[in-house]
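All remarks here apply to the structure that follows.
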Amino acid sequence: MSYPVATKASSAALAQAASLNSADSKFQLFYFGLQARAEIPRLMLAYAGANVEHVSADWPTMKEKTRFGCLPVMFETTSNGTVLEFAESQAIERYIAKKFNLLGENVWEEQQINEFVSSIDFQLTNYTKVMFAPAESRHKEAEAFHQNFAKWILFMERHLIENGNNGHFVGNRISWADLKAAVLVGRLSLLLPSGMEVPKLPEALVKVVETVKADSKIAAWMATEEYQKYDANTKGFFKF
Ligand SMILES: N[C@@H](CCC(=O)N[C@@H](CS)C(=O)NCC(=O)O)C(=O)O
């Protein structure tokens, strides 16, 4: 597929398009045939029930055309025909969260969700460092990651219990933080060097993952051939 052309218009016109109801939009998410940085936007769009096309990018023919020279990128064709282009995975997630009501009920919940998202993102970044560490130091890096992770989950457990151990980080419905945590936990067993075990997860965190997976739209997305293909490719790509 050729690279879409974003609408050139005044900032005011683009802002007006961006404020339209995204439930009426069509999304295109460009990434490689893997999970990694597109996994969370994909999950969020699935949960939102958005009209989305997942495109395995024809890289490098597209690289120079993208805003920052990397993927994922997302396009939204809004109900008035405007084509908006988005870059940077976390900024894409934030936009989806805002447009599809995954940022809580009020400004305080939004703040808390942002905090959890940042903290989860830090763990994901550390995890990615393990993935790309040279073979000879991977085991050591993985050990360091797991030691830090084992302490971090205890802090998360405390917050989850304070929130009523209801399968959510904040409030009583699925948020960006819950979806991001489910992705992090899902990745843990992916890169375990032989002889290492995933730290035992607190029951409250397992409950978040189960709550996310039990959602009908998430379950439907995970059952698609597309999801299965990305999952299998990721497991094959990042084998220790
Ligand atoms: N900060 C960016 C990083 C994106 C990034 O590093 N993308 C990688 C794939 S995960 C990429 O596009 N690599 C290909 C390239 O740089 O040519 C984000 O979070 O979106």
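Whatever order the structure lists ligands and atoms in, that order sets their numbers, starting from 1.
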What are the atoms of ligand 1, with element, lying closer than 4.0 Å to any heavy atom of Cys70?
-> 4 (C), 5 (C), 7 (N), 11 (C), 12 (O)
Do His54 and Trp221 have ring centroids that are under 6.0 Å from one another?
-> yes
Among protein heavy atoms, which lies nearest atom 10 (S) of ligand 1, and at what distance?
-> Tyr31 OH, 2.9 Å
Pro72 near ligand 1 by a heavy-atom separation under 4.0 Å = yes
Considering only heavy atoms from C-beta outward, does the side chain of Ile92 approach that of Phe27 to under 4.5 Å?
-> no
Of the protein's non-hydrogen atoms, which lies at the shortest distance from atom 19 (O) of ligand 1, and what is that distance?
-> Ser89 OG, 2.6 Å
State plainly whether the residues Glu88 and Arg67 are in salt-bridge range, i.e. N to O under 4.0 Å.
-> no
Closest protein heavy atom (residue, atom, distance) for atom 6 (O) of ligand 1 | Arg37 NE, 3.8 Å
Ligand 1 versus Ala36, non-hydrogen atoms closer than 4.0 Å: side chain, backbone, both, neither?
-> neither
Residue-ligand contact Gln90/ligand 1, heavy atom below 4.0 Å | no
Less than 4.0 Å between a side-chain N and a carboxylate O, is that true for Glu93 and Lys180?
-> yes
Considering only protein heavy atoms, which is closest to atom 14 (C) of ligand 1, and at what distance to one decimal place?
-> Trp59 NE1, 3.5 Å
Logged contact type for Glu88 with ligand 1, heavy-atom cut-off 4.0 Å, is both
Under a 4.0 Å heavy-atom limit, does Phe86 contact ligand 1 with its side chain, its backbone, both, or neither?
-> neither
Please state which protein non-hydrogen atom is closest to atom 16 (O) of ligand 1 and give its distance, to 0.1 Å?
-> Lys63 NZ, 3.4 Å
Answer yes or no: is there an ion pair linking Lys26 with Glu76, defined by an N-O contact shorter than 4.0 Å?
-> no
Given Tyr31, which of Arg37, Met74, Glu39 fulfils the side-chain contact (heavy atoms from CB on, under 4.5 Å) condition?
-> Arg37
Geometric class of the His146/Phe149 ring pair [parallel <30°, tilted 30-60°, perpendicular >60°] = perpendicular
Kindly confirm or rule out a cation-pi arrangement of Arg42 over Tyr227, judged by NZ or CZ under 6.0 Å from the six-membered ring centre and within 45° of its axis?
-> no
Would the Tyr47 and Phe100 ring centres measure less than 6.0 Å apart?
-> no
Which protein heavy atom lies closest to atom 12 (O) of ligand 1, and at what distance to 0.1 Å?
-> Leu71 N, 2.8 Å
So is Phe68 close enough to ligand 1, meaning a heavy atom under 4.0 angstrom away?
-> no
Applying a 4.0 Å heavy-atom criterion (strictly less than), which segment of Phe32 is in contact with ligand 1: side chain, backbone, both, or neither?
-> side chain
